[in-house]
Every structure is written in structure tokens, then in C-alpha cells.
Chemist: 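Structure provided below as C-alpha cells; questions to follow.
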Amino acid sequence: MSEVNHYVDYRREGGIAFLSMCHAPVNTLSYELRCAIDHYLDVAEQDQEVKALVLRSELSAFSAGADISEFGTEKSFAEPSLPALCDRIDRFPKWVIAEVAGYALGGGLELALAADKRIATRGSKLGLPEVNLGILPGAGGTQRLPRLIAPSLAARMMCDGKPISSEQALDLGLVNALLASSEHSEAAIHQLLKECEAGTPDNMFEQDYSLSREEETALLEYQAQQARRWTGLKSPQAIIEAVQRGMKSSLEDALALERKLFNDCAASPQARALQHAFFAEKDALKVPGINRDDARLAIQEVAIIGSGLMGCGIAINFLLAGIPTRLLDVNSEALEKARAYIQKTIESGRDKGRISAQICEQAMAALSTASDYEDIANADLVIEAVFEDLTVKQSVFKELNRHCKAEAILASNTSTLDLNAIADVCARPENVIGLHFFSPANIMKLLEVVRTERTSEPVLATCLKLAKKINKVAVTVGVCYGFVGNRMVAPYSREAFRMVLEGASPSQVDSALREFGMAMGPIEMADMAGIDVGCMAALANQHEWQGEESYQALQFALREQGRLGQKTSAGVYRYDGGKKQEDPEVLALAKEIAQSQGIEQRNISKEEIIQRCIFSLANEGFRILEEGIALRSGDIDVIYLNGYGFPRWRGGPMQYADETGLQNVLQGLENLQKNLGAYGERWFAAAPLLKELAQANRSAKSFSNV
Ligand code: CAA
């Protein structure tokens with residue numbers, strides 16, 4: 001007997017019922033799938049012939065868990081709810097075996113945890129990643145996992161949010177058997193059922209559990225170790241509480257506790273922000289008219305022009321993905337140094353266990369060097385990473401135009417220059433695109449994909465597909481000075497430096513923004529990037545600030561003194577013995593500049609620092625959105641989360657503005673405009689789009705250029 005509805009395939013073979021989920025692409029446990037599972041549980045329960053039920057998937061994933069897009073909607077609570085379904089499986093009067101192949105995440109794993117036994121194919125991934133969404137496993141996961149494996153390990157797995165392999169799951173006792181592939185499942189199922197024959201199906205509700213003193217100590221030690229990393233985060237603390245208190249209660253009470261903690265977390269701004277980040281990253285890949293699956297150009301060989309740190313970092317991405325990569329530089333000594341650097345970096349990844357010895361070996365074998373453009377004639381993709389100067393870049397593109405094959409994609413890693421002017425020197429501007437990597441390019445996840453007016457669709461589609469292959473988070477943007485990320489950073493850092501002239505100390509500014517959640521403060525970031533680099537960017541952006549004396553005056557003065565940042569052991573801060581310290585000389589210099597410019601120094605509050613920096617950031621985001629440089633506010637957020645250390649739990653600057661309320665952001669900007677005199681008048685005018693949306697009581701998210 002076999003029955004299929006859109007979500008589930010059900011069949012019985014002898015005494016075993018097979019319930020296979022088939023809700024493409026990843027079996028999210030939507031209301032419809034839950035109903036279908038519940039229905040076939042009824043069928044299996046009533047069928048006297050059925051002795052055991054196997055829950056499995058028709059797709060390559062077992063299940064990606066609850067349908068996140070249902071969160072906050074009626075469907076999410078509609079019965080059968082996910083917790084109710086898990087409880088039903090736990091109490092099911094016949095044996096239930098979960099057969100996991102592919103991903104079993106969140107609610108997907110919780111279904112499996114409620115089964116009596118679990119088998120998994122090699123290479124499957126099992127995890128409870130809810131913490132990444134600002135919530136905790138809410139369908140029994142916080143209680144059933146620690147009742148199956150050591151509670152302290154269960155808590156780690158939930159607080160880390162990283163899935164484990166089926167091999168690790170077997171070692172932990174989370175699965176009962178490992179299969180070479182799903183084709184071998186029948187024998188394993190029969191074997192398990194044979195072992196079960198003597199007993200009755202497990203029902204966790206009727207068993208006693210406790211939390212040993214050793215386990216409780218291990219749990220609390222882990223919590224203490226993570227205290228810094230979890231600062232401000234709700235859900236990891238809630239997970240620890242759920243395990244610690246839940247393990248001392250009956251499963252019934254423990255599940256009620258889990259529900260309460262889940263509801264608290266789910267209603268928090270953090271949960272909204274993290275869920276926004278999840279979907280924003282998926283949406284960023286959706287560019288109207290572009291289908292990544294139609295990417296027609298095969299990238300079998302990559303060439304990188306320029307063997308500096310950026311060129312090397314970019315090359316490492318492709319090498320690790322197994323794509324033959326040629327580094328071109330006219331300076332053979334620089335090439336040798338680059339090769340040694342790449343080798344050291346890749347080998348250190350191997351030594352730290354991040355990549356296997358085999359990948360390390362393959363990556364080094366895929367690296368080659370060249371000093372002549374003729375040697376890269378066969379490259380499918382060329383990425384220029386030379387000095388940030390339009391004339392230099394144009395001369396490289398003239399060479400590329402002359403030597404590269406007709407269909408090659410010609411990319412520039414420029415972070416600020418006019419890509420249209422670069423494309424102008426090529427006879428095939430439709431092949432020109434910006435691939436803006438962020439330093440260190442082998443580590444930072446962000447890739448701004450810059451499309452000129454003439455970039456062709458297949459070229460863009462190919463680059464988006466490639467981004468996934470090299471494990472980058474890609475966002476498509478249009479051409480303007482600094483694109484999205486660096487254009488927005490200009491007002492953010494302008495405010496940081498201006499406030500130092502107005503009397504805040506650099507460490508006060510940095511601490512306020514770190515406390516807000518930024519990975520680094522703007523001033524320490526400027527020291528790290530190089531004060532000279534900041535000055536160069538300011539000079540290139542002169543049209544924006546002409547006539548505004550304070551704009552980066554401090555940075556120019558420091559540059560004059562040779563204080564170029566970390567690299568010279570002194571910038572805004574001093575770095576004696578590598579340790580960052582506030583420098584009274586810089587405070588005095590700031591005071592001097594302030595006096596010469598008639599800027600009155602005063603006490604500046606933490607709130608003012610945050611408002612001026614973050615509201616300026618978001619305000620520029622609204623201009624970018626209005627100009628169509630970014631397709632959606634979520635794209636801007638993805639850029640800030642992955643390239644600029646914006647706290648993920650705040651969702652990005654635009655989500656922060658939405659959460660604050662656009663009317664409040666507008667009011668804040670208007671107050672600053674009024675209270676900061678001529679400076680405020682000049683720099684705090686709200687973007688027209690922000691005004692329009694705030695007045696219409698709309699959110700940034702509701703606006704789209706798609
Ligand atoms: N809810 C809603 N949509 C989801 C989803 C989920 N849990 N998981 C994946 N999707 C969607 C994606 O948004 C994507 O949609 P589009 O094609 O429209 O962009 C599609 O499914 C395919 O996903 P990916 O492109 O991400 O596919 P992948 O193969 O690269 O990755 C994956 C697959 C590892 C499962 C990844 O999608 C993922 O990590 N998903 C989230 C898993 C998760 O966090 N689960 C926990 C949910 S919360 C929960 O279960 C709570 C509870 O206890 C009650």
C-alpha cells in the first residue's frame with residue numbers, strides 16, 4: 001500500500017510503515033507538512049499490521065526544521081504544532097525509527113530525538129542551530145537531547161549552534177547506527193527492530209532522569225567560560241537555564257519551562273534581528289533577471305593581478321575551492337614572497353585543523369605564477385588587485401583587454417574607484433565587473449559584486465554562483481563612490497573623529513561602539529587600516545567635504561607626524577609593545593585642532609556617540625537605497641554584518657533603524673541637526689527616503705528596488 005500527498009509519501013511493507021517527507025527543497029516543517037505527518041501517524045497507529053514506523057525523507061535533506069517564515073504567524077502555532085508532533089512521536093505506541101540522511105536541523109532533529117531510535121547515513125549533519133536565530137530549540141530539543149547524551153555536551157551543541165557529523169553523533173550516542181548510504185537502511189532497520197523486539201517503545205515521559213553533580217559543574221563552567229562571548233545575548237543563557245532546571249524536573253514540566261523560555265526569546269528584538277539576517281543573506285542572492293543556475297560561463301582557471309596581501313588573500317579563496325589560480329606580478333621577488341605567504345597561510349589552516357592535509361596539498365598544487373600577461377590568456381576570470389589608483393587600474397585593464405580571451409570575465413577589486421571609467425578602456429565592457437573583497441580576503445565573508453550599467457547578465461550570474469563556491473556572502477551593488485560599505489563608513493568614521501575634536505577621548509568613542517556590539521571601534525579600525533589610507537580615501541572624496549575643516553583634520557595631522565597607525569606603532573593610539581594605549585599627546589593635538597577651528601570641547605555621552613555614528617550610517621543607507629545602489633535594505637545589512645563587524649544580533653544598520661522606529665531615527669537626526677550648530681545643519685539632514693518612510697509609518701524593509 002502506498003499513498004502520496006504533496007508533503008509526504010506513505011507506504012507499508014509488511015509490518016513496517018515508511019513515512020517519507022517530501023516538501024522541497026529542505027522539508028521545512030511547515031503547517032502543511034506537520035498536518036501530513038500527523039495524518040499518517042493516525043494511519044499507522046490505526047493499522048493493526050503496522051509494528052513500527054520509519055520517519056525518513058525523499059529529499060537530500062532530512063529536514064531543516066521549523067519553517068522560519070511562519071514565525072510570528074498563526075500557522076506557526078496552528079495544531080499540530082511542532083512540539084505537539086514531537087510529543088506524539090515520543091508517546092507513539094509503536095516503535096519509531098528516524099532515518100536521517102543529509103541535514104537534520106532544529107525541529108528536524110527534534111522530530112528524530114522524539115523517535116525511539118535513530119540511524120544516520122555517513123556525511124549527514126545533525127544540529128540544533130536555533131541559537132543563530134535568537135531562539136532555543138522549542139520542540140523538546142533542550143530536554144530530549146540532554147536526556148540522550150551528556151547534558152553539558154548537549155548544551156554546548158545547542159549554544160554553539162553548529163551541526164555535528166553523523167560520525168560524531170554516533171560517538172556521542174545521539175544515533176544508534178551509522179549507514180554507508182541510504183541504500184543500506186533496510187538491513188539496519190530490521191536489525192534495530194530485532195533488538196527492540198523484547199521491549200516496549202521508549203517513552204521519555206515515563207522515564208526518570210537527573211543531572212549529576214559533575215554534569216552540572218561542567219555546565220556552569222562552560223557558561224562561565226563563554227560569559228564574554230555571550231554578552232548581551234539572550235538565547236544561550238536561556239539554553240543553559242533550560243538544561244540545568246529542566247533536567248531536575250519531569251519531562252512534562254521541563255517542556256513547559258522550555259516553552260516559556262522559547263516564547264521569551266522569540267519575542268525579543270534579537271530574535272527578529274537574527275531571523276532578518278538569515279533571510280537577508282538568502283535574498284541578497286536574488287537579483288531580478290539573474291538566475292545563478294543559468295550561469296553559463298565555467299570558471300576553470302582564475303588569474304589574479306597583483307601579489308600584495310589583497311591579491312594573495314583573494315587567491316587563497318580560489319585555491320581552497322580547488323580552482324587553478326595564477327598570480328601575476330611583474331616583480332618576480334614579490335611573486336616569490338607571495339607564494340611563501342600563501343603556502344604559510346594555507347598550511348596554518350591545516351595545522352589548526354580547519355582544512356584537511358589533502359585540501360592543503362591540492363590548493364598548493366593549483367597555484368602558479370606569471371610575470372607576463374600572455375601567460376593568463378586562458379583564464380576564465382581575471383581579478384585585478386593592484387594599487388587603488390584609476391590610471392594604474394586602467395592600464396591593467398588595457399592589458400587584459402589585449403591579452404585575455406574574448407569570453408573572460410574581467411574583474412576589479414577596487415574599493416572606491418569608478419568602475420564605469422575602468423570598463424571604458426575595454427572593448428568588451430559587458431565582461432567587466434567589480435569583485436570587492438574585504439581584507440583579509442581569505443577570512444572575511446563579504447563580497448560586494450559591483451555591476452556597471454553594461455555588465456552582462458551571464459557575467460553577473462556566474463560571479464554570484466562562484467561566490468557560493470568560494471564560500472562568500474555575495475551582495476550585488478551599483479556603482480558609486482565607495483559602493484555600499486565604504487560609502488557608508490565615511491559618515492560613520494567622520495562622526496567618530498569629529499567627536500574626538502568635540503572632547504570625547506578615542507577610547508570613549510571606541511568603547512561606546514564596542515558596547516553597542518561592533519566588533520571594533522571606528523578609531524581603532526582606522527589605526528588598523530592605516531591613517532594614511534584613511535587620508536587617501538578622504539582626499540579622493542573631497543567633493544563631499546570641501547570647506548569642512550574638521551573632516552579628518554586629526555587624521556591629516558597624525559599623518560604629518562608619521563603616526564600611520566598600528567604599522568608604525570602609533571596612530572590615534574600608541575602601541576607600546578603591541579598594547580593599545582590612549583595617548584595624551586593625541587588628546588592635546590585634538591584640543592589644539594578644536595581650538596583652531598572654534599570647536600568647543602565638552603562631555604559627550606555614550607548615547608550621543610552611538611546615535612551620531614549609527615544614525616549617520618543608517619541615514620547614508622537610506623540615500624543608497626533611494627539611488628538604487630542597493631536593491632533592498634536587507635542587502636545593506638548583509639554587507640555590514642559580514643564586512644564591517646556590525647553585531648549580527650542587531651541585524652544590521654537598517655534593521656536597527658527599523659527596530660528603533662524610523663520616526664525615532666528621524667527625530668534623532670533632526671535633534672542633532674538642531675543642536676550641533678552649523679556642523680549639525682550640514683551633516684545631519686535626513687535622507688528624503690527616510691523622511692518619506694517615517695512619515696508614512698513604514699519600515700526600511702518595506703521599500704525595495706526589486
Ligand atoms: N525555514 C524556512 N526556510 C528555510 C529554512 C527554514 N528552516 N531552511 C532553509 N530554508 C529555505 C532557504 O531560505 C532557501 O530558500 P530560497 O531558495 O527561497 O532562498 C531554501 O530553503 C534552500 O536553503 P539554502 O539556500 O540555505 O540551501 P543550502 O543547501 O545552502 O542549505 C540548510 C540548507 C543547511 C538547511 C540551510 O538552509 C539552513 O541552515 N537552514 C536553516 C536551518 C535552521 O536554522 N533550522 C532551525 C529552524 S528553527 C526551529 O526548528 C525551531 C524550533 O525548534 C521550533
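Values below: all heavy atoms of this structure, side chains included; hydrogens, waters and symmetry mates excluded. Whatever order the structure lists them in is the order used to number ligands and atoms, beginning at 1.
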Chemist: At less than 3.5 Å, what protein N or O atoms come close to the N or O atoms of ligand 1? Include the distances to 0.1 Å.
Modeler:
residue: ligand 1; atom: 1 (N); partner: A66; partner atom: O; Å: 3.4
residue: ligand 1; atom: 1 (N); partner: I68; partner atom: N; Å: 2.9
residue: ligand 1; atom: 7 (N); partner: A64; partner atom: O; Å: 3.2
residue: ligand 1; atom: 7 (N); partner: A66; partner atom: O; Å: 2.9
residue: ligand 1; atom: 18 (O); partner: K286; partner atom: NZ; Å: 3.0
residue: ligand 1; atom: 19 (O); partner: K286; partner atom: NZ; Å: 3.0
residue: ligand 1; atom: 26 (O); partner: K282; partner atom: NZ; Å: 2.5
residue: ligand 1; atom: 30 (O); partner: K468; partner atom: NZ; Å: 3.2
residue: ligand 1; atom: 45 (N); partner: A64; partner atom: O; Å: 2.8
residue: ligand 1; atom: 50 (O); partner: A66; partner atom: N; Å: 2.9
residue: ligand 1; atom: 50 (O); partner: G107; partner atom: N; Å: 2.7
residue: ligand 1; atom: 53 (O); partner: E110; partner atom: OE1; Å: 2.7
residue: ligand 1; atom: 53 (O); partner: E130; partner atom: OE2; Å: 3.0
residue: ligand 1; atom: 53 (O); partner: G138; partner atom: N; Å: 3.0

Chemist: Does the cation-pi check pass for R34 over Y31, that is, NZ or CZ under 6.0 Å from the six-membered ring centre and within 45° of its axis?
Modeler: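 The answer is no; the distance or angle limit is not met.
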Chemist: Tell me whether the guanidinium CZ or amine NZ of K701 lies under 6.0 angstrom from the six-membered ring centre of F703 and within 45° of its axis.
Modeler: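 Judged by the rule (NZ or CZ under 6.0 Å from the ring centre, within 45° of its axis), K701 is not positioned above F703.
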Chemist: Are a donor atom and an acceptor atom from the side chains of T121 and S124 found within less than 3.5 Å of each other?
Modeler: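 Result is yes, a qualifying pair exists.
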Chemist: With sequence neighbours left out, write down each residue that passes side chain to side chain donor-acceptor pair (under 3.5 Å) with N317, or none if nothing qualifies.
Modeler: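 N317 satisfies side chain to side chain donor-acceptor pair (under 3.5 Å) with K472 once adjacent residues are dropped.
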Chemist: If a pair satisfies salt bridge (Lys or Arg N to Asp or Glu O under 4.0 Å) and one of its residues is in residues 96-117, list it, with sequence neighbours excluded.
Modeler: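 As it turns out, the salt bridge (Lys or Arg N to Asp or Glu O under 4.0 Å) pairs with a partner in residues 96-117, which skip direct neighbours, are R56-E99.
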Chemist: Please identify each residue that fulfils salt bridge (Lys or Arg N to Asp or Glu O under 4.0 Å) with K445, with sequence neighbours left out.
Modeler: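 Here no residue qualifies.
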